[in-house]
Amino acid sequence: QVQLVESGGGLVQAGGSLRLSCAASGLTFSSYAMGWFRQAPGKERDFVGLIPKSRGAAEYADFVKGRFTISRDSAKNTVYLQMNSLKPEDTAVYYCAASIHGSGLANPTRYNYWGQGTQVTVSS
């Protein structure tokens, strides 16, 4: 029933930009916070950022340092991750996720639904 469909991953040069999209269906979009996570081989799944279920400011991991921006389009049931000034260490599989919970959202276990993941590779 619930489906999160990601797009926008690929290969990008260091210093470049990429925008990931996550289209949600089968759920009431406004009832879910949307998060982004990433995981590189042999590493933990890291919290990247989130945007609240309705109105409110997005929250980000410290390593973003103003480079990434999360937004959501309620009319399209879609959340975006705009990534600028990309670095090789940003290379990872990126996942979007939906959570009906209101706290602890840096923890991936708090999310109810997950996208399939999309590979982002940043070349030097």
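These numbers were taken from a predicted model, which means no experiment stands behind them.
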Compare every heavy atom of [Y] with every heavy atom of [X], then report the nearest pair and how far apart it is.
X   : Y    : value
T69 : Y60  : CA-OH, 3.3 Å
G49 : I70  : C-CD1, 3.3 Å
Y95 : G115 : CD2-O, 3.9 Å
L27 : Y113 : CD2-CD1, 4.2 Å

Could you grab the distance from atom [atom1] of [X] to atom [atom2] of [Y], nearest 0.5 Å is fine?
X   : Y   : atom1 : atom2 : answer
E44 : R38 : CD    : CZ    : 12.5 Å
M34 : L4  : CE    : CG    : 5.0 Å
L18 : Y94 : CG    : OH    : 9.0 Å
L50 : C96 : CG    : SG    : 13.0 Å

For R110 and S103: C-alpha separation, side-chain torsions, deciding distance, then whether side chain to side chain contact (heavy atoms under 4.5 Å, CB included) applies. CA-CA 8 Å; R110 298 292 284 173; S103 63; 3.8 Å; yes
Check the angle between the aromatic planes of W114 and F37 and answer parallel, tilted or perpendicular using the 30° and 60° thresholds.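 The arrangement is tilted - the two ring planes meet at 30° to 60°.
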Does atom CD (E89) have a neighbourhood of more than 12 heavy atoms from anything else shown, all under 6.0 Å? yes
Criterion side-chain contact (heavy atoms from CB on, under 4.5 Å) against S17, the qualifying member of M83, Q82, R67: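 Of all the options given, the one that passes is Q82.
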Please examine the side chains of V122 and K87, heavy atoms only from C-beta on, and report whether any two atoms are closer than 4.5 Å. no
Would Y80 and R19 count as a side-chain hydrogen bond (donor to acceptor under 3.5 Å, both in side chains) here? Give the steps. CA-CA 7 Å; Y80 304 95; R19 188 172 78 160; 4.9 Å; no
